[in-house]
Amino acid sequence: MTGTPARTLLLWCPDWPVLAAEIVDGVPATGPVAVLHANRVVACSERARAEGVRRGLRKREAQGRCPQLTVVDYDPGRDARAFEPVVAAVEELVAGVEVVRPGACAVAARGPSRYLGGEEAAAERIIEHVAQSCLVESQVGIADGVFAAGLAARSGRVVPPGGTPEFLAGLPVEALGRSALADLLRRLGVRSLGDFAALPAGDVLARFGFDGALAHRLAAGRDHRPLAVRQPPADLTVTAEQDEPIDRVDVAAFVARALAEQLHERLAGHGLACTRLGIEAVTEHGQELHRVWRHDGLLTAAAIADRVRWQLDGWLSGSSGRTGARPARPTAGIIRLRLIPDGVIAQAGLQAGLWGETGEERERAHRALSRVQGILGPEAVVTAVLGGGRSPADQVRLVPWGDERLPTRPGPAPLSGESIARPGPAPLPGESIARPGRAPLSGEPIASGGGRAVSAGRPADHSAGGVPPWPGRLPAPAPAVVLPSPLAATVHDAAGEAVVISARLAVSAPPARLVVGTGRPAEIVGWVGPWPVDERWWAPAEARRRARFQVCLADGTALLLAVEGGQWLVEAIYD
C-alpha cells in the first residue's frame with residue numbers, strides 16, 4: 001500500500017446510469033427518471049430528486065412520491081458501453097486513464113497540469129472537451145488519491161496538495177460508500193471521517209475487519225493502491241492510397257505484398273499474430289468492397305499477401321455483370337486498400353510443429369482452397385462439422401473453409417422440456433431391441449427367439465466431442481447418406497392397409513411394404529421403432545413432433561423413416 005497518494009484528477013458524470021439510458025435507449029434524462037436494481041432506486045434524474053425521489057427507495061415508494069416517474073432497469077453493460085466515448089475523449093488530451101466505474105475516470109494530475117497550464121486549467125480544458133465531443137456534462141475533482149478526488153469531484157473542487165486529510169475530516173461517514181459500516185459507526189458515536197481516522201488502526205482492524213481497516217485508510221487520506229491506467233488499443237490497421245486506380249491483377253499483387261509486410265511488421269512490434277484478416281477496398285467511383293478471411297493458425301506476411309492477392313484477383317477478375325457464379329466486377333479501379341487485423345492473439349500462443357511448420361501437402365491444399373474462396377466467395381468451399389442433435393440432418397453443419405469448426409449444438413442436454421423420449425421399444429444406452437420375425441440392421445446384435453439383446457462392450461459414444469448422447473437421439477449405426485429433402489413414402493401392412501401411428505405411439509400393424517414416391521413396392525423384412533421426438537412444443541411456429549423407424553428391405557437396403565403429420569418420409573439411407 002502506498003503511503004503518499006499521488007495527485008489525482010477525477011472526472012465524474014453525475015447521474016450516469018440515467019444519462020446512459022438516454023444515450024442508448026433514448027429515455028429523456030430531463031424528465032423524472034429512476035434507475036432500479038433489486039426493486040430499489042440506484043440513480044435518479046434531477047427532476048426526480050426535485051419530486052422527492054432518493055437513492056435506496058423502493059419502486060412503489062418512489063412512484064408514490066412521483067407518479068409520472070419513468071422507471072429504467074439497471075444495466076451495467078449499457079453504462080459501460082455509453083461511457084466508452086467519454087473515456088476516449090479524455091484520452092485525446094491526457095494519457096493513462098483509469099476507469100473507476102462507468103461515469104467516473106481518473107488520471108494522474110501531474111502531466112495534464114504541466115502541459116495544460118496548471119491543475120485548474122487542465123480541469124476546465126477536460127470538461128470543455130468532453131462537453132464538445134460527447135455532449136455530456138461533467139465535473140472534475142483534484143486531490144491526493146482517487147478516493148479523495150472522487151469526493152472532490154462532487155463539488156468540482158481542487159484540494160490543495162497536502163490538504164486532503166483536512167478536506168476529508170469534515171465529511172460524514174456515509175461518504176465511505178459502506179452503508180452498514182456507516183450505520184454502525186454512527187451508533188458508536190463516530191459521525192465524521194475525521195473522527196473515524198482518529199481511531200487507532202489496530203483497534204479498527206480488530207473490531208471491523210479488513211474492510212473496516214481499508215475504509216480507515218481512505219478516511220485518513222491514504223489510498224490503498226496506485227492508479228491502474230488503461231492502455232489505449234493500438235491502431236493496427238494499414239492503408240495504402242493509390243494515385244492511379246488499380247484495375248490489373250499484377251499491379252494489385254505488388255501493392256498487396258508491400259501492405260502485407262507493413263501489417264506483419266506492425267503486429268510483430270506489438271507481439272501479436274493475426275488469425276482473422278479484414279480486407280477493404282474503395283474504388284474510384286466510391287464503391288466499397290469488404291471481405292473477412294479466417295485462418296486456424298498463424299497468418300505470416302506471405303500468407304497475408306497471398307490472401308490479399310487472391311481477394312483482389314477475385315474482385316478485379318469478376319464477371320462483367322452477366323449472370324454467373326463469379327461476383328460482378330467493380331465499376332472502376334481501386335484507389336484505397338486497407339488491411340484490418342480483425343482477430344489477433346499473442347504470438348507466443350502459436351507454436352510450430354516439432355519438425356517445422358505444417359506439412360507441405362496440407363499447406364498446398366489450404367492455399368488452393370483459399371484461392372477458390374477468394375474468387376467465388378467464402379461459401380464456395382465448405383467442410384462438415386459434427387454436433388449435437390436428434391436426427392442425422394441436425395448433427396451436421398457446413399462451415400466455410402478456414403472458419404472455426406465449432407458445433408452449433410455442443411452440449412448433450414436440450415432445453416428444459418424440449419425432447420420427450422417416452423418409454424417403449426427404444427433401446428437403452430448400449431442396447432438394441434430385436435423383434436421376432438425381422439432382420440437386424442447393420443451393426444445390430446442378433447437376438448434369437450425375440451426379446452431384448454444387449455450389445456457387448458462399452459456403450460458407443462454417439463455425440464461429437466465425447467459428450468453423452470442427446471435424449472431422443474437415434475442409436476448407432478449412423479446412416480451413410482442423409483437426404484437433403486426427405487422423400488414422401490407410403491407404408492402398408494400385410495393386408496394392404498396403410499400403417500398409422502396413434503397419439504400414444506401405437507403402431508396399427510407391422511409394416512410389410514414400402515412405396516417411395518411413384519416407385520415399385522418393396523418388401524419390408526425387418527423394422528424397429530418408433531423413436532418419438534417432441535421438440536419445441538412451446539413455440540407453435542417451430543414445434544415438431546415425429547416418430548422414426550429403421551426398416552430393412554428385401555434387397556438389403558436399410559432406410560431411416562419418419563412419420564410426421566400422418567405422412568411417411570424417407571430421411572436417410574444406411575450402408
What distance separates [X] [atom1] from [Y] [atom2], expressed to the nearest 0.5 Å?
X: Ile126; Y: Glu124; atom1: CD1; atom2: CD; answer: 11.0 Å
X: Asp144; Y: Arg7; atom1: CG; atom2: CZ; answer: 5.0 Å
X: Arg47; Y: Thr70; atom1: CZ; atom2: OG1; answer: 9.5 Å
X: Glu280; Y: Leu339; atom1: CD; atom2: CG; answer: 9.5 Å
X: Ile279; Y: Ile340; atom1: CD1; atom2: CD1; answer: 10.0 Å
X: Gln63; Y: Leu69; atom1: CD; atom2: CG; answer: 6.0 Å

Qualifying residues under side-chain contact (heavy atoms from CB on, under 4.5 Å), relative to Ala240, sequence neighbours excluded: Gln242, Val255, Leu259
Results of side-chain contact (heavy atoms from CB on, under 4.5 Å) for Arg336 - residues two or more places apart only: Thr239, Glu241, Val282, Arg338
Less than 4.5 Å apart, side chain to side chain, heavy atoms only: is that true for [X] and [Y]?
X: Val90; Y: Val130; value: yes
X: Arg222; Y: Pro165; value: no
X: Arg207; Y: Leu184; value: yes
X: Arg178; Y: Leu218; value: yes

A quick test of your reading: do over 12 heavy atoms of other residues, nucleotides or ligands sit less than 6.0 Å from [atom1] of [X]?
X: Glu61; atom1: CD; answer: yes
X: Arg58; atom1: CZ; answer: no
X: Glu92; atom1: CD; answer: yes
X: Arg55; atom1: CZ; answer: no
X: Glu288; atom1: CD; answer: no

Pairs under 3.5 angstrom only: tabulate donor-acceptor contacts from the side chains of residues 13-28 to other protein residues two or more places apart or in another chain.
from, atom 1, to, atom 2, distance (Å)
Asp15, OD1, Arg49, NH1, 2.9
Asp15, OD2, Arg49, NH1, 3.3
Asp15, OD2, Arg49, NH2, 3.0
Trp16, NE1, Asp79, O, 3.1
Glu22, OE2, Ala29, N, 3.4
Asp25, OD2, Arg78, NH1, 3.1

Which heavy atom of [X] sits nearest to which heavy atom of [Y], and what is that distance?
X: Ala62; Y: Val53; value: O-CG2, 3.9 Å
X: Ser138; Y: Leu11; value: OG-CD1, 3.6 Å
X: Ala213; Y: Leu205; value: CB-CD1, 3.8 Å
X: Pro5; Y: Gly221; value: CG-O, 3.2 Å
X: Leu57; Y: Gly52; value: CD1-O, 3.9 Å
X: Ala281; Y: Leu337; value: CB-CD1, 4.2 Å

Identify every side-chain donor-acceptor pair in residues 189-199 under 3.5 Å, counting partners at least two apart or on other chains, and give the distances.
from, atom 1, to, atom 2, distance (Å)
Ser192, OG, Asp195, N, 3.2
Ser192, OG, Asp195, OD2, 3.1

Pairing of Asp183 and Arg187 as salt bridge, 4.0 angstrom limit: yes
Set of residues satisfying side-chain hydrogen bond (donor to acceptor under 3.5 Å, both in side chains) with respect to Gln139, sequence neighbours excluded: none
Pairing residues for Glu166 by the side-chain hydrogen bond (donor to acceptor under 3.5 Å, both in side chains) criterion, not counting sequence neighbours: none
Test log, rule side-chain contact (heavy atoms from CB on, under 4.5 Å), inputs Asp73 and Val35: CA-CA 6 Å; Asp73 290 333; Val35 179; over 6 Å; no
Donor-acceptor under 3.5 Å (Thr8 side chain, Ala6 main chain): yes
Exam field: side chain Arg157 to backbone Ala152, donor-acceptor pair closer than 3.5 Å: no
side-chain contact (heavy atoms from CB on, under 4.5 Å) between Val173 and Arg186, worked out: CA-CA 8 Å; Val173 291; Arg186 282 197 170 273; 4.0 Å; yes
Extract all donor-acceptor atom pairs below 3.5 Å that involve side chains of residues 100-116 and protein atoms in other chains or at least two apart in sequence.
from, atom 1, to, atom 2, distance (Å)
Ser113, OG, Ala109, O, 2.8
Ser113, OG, Arg110, O, 2.8
Tyr115, OH, Leu93, O, 3.0

Working for side-chain contact (heavy atoms from CB on, under 4.5 Å), residues Glu174 and Leu185: CA-CA 10 Å; Glu174 285 78 10; Leu185 290 175; over 6 Å; no
Set of salt bridge (charged side-chain N to carboxylate O under 4.0 Å, His left out) partners for Arg266, sequence neighbours left out: none
Counterpart residues, salt bridge (charged side-chain N to carboxylate O under 4.0 Å, His left out), relative to Arg544 (two or more places apart): Glu564, Glu571
Contacts of Trp12 that satisfy ring pair (Phe, Tyr, Trp, His ring centres under 6.0 Å) - sequence neighbours left out: none
With sequence neighbours excluded, residues passing ring pair (Phe, Tyr, Trp, His ring centres under 6.0 Å) with Phe147: none
Could you pull out all donor-acceptor pairs under 3.5 Å where a side-chain atom in residues 36-45 meets a protein atom, sequence neighbours excluded?
from, atom 1, to, atom 2, distance (Å)
Arg40, NH1, Gly56, O, 2.7
Ser45, OG, Gly31, O, 2.7
Ser45, OG, Val33, N, 3.0
Ser45, OG, Ala48, N, 3.4

CA sep, side-chain torsions, deciding dist, call: Leu263, Leu277, side-chain contact (heavy atoms from CB on, under 4.5 Å): CA-CA 10 Å; Leu263 174 62; Leu277 176 68; 3.7 Å; yes
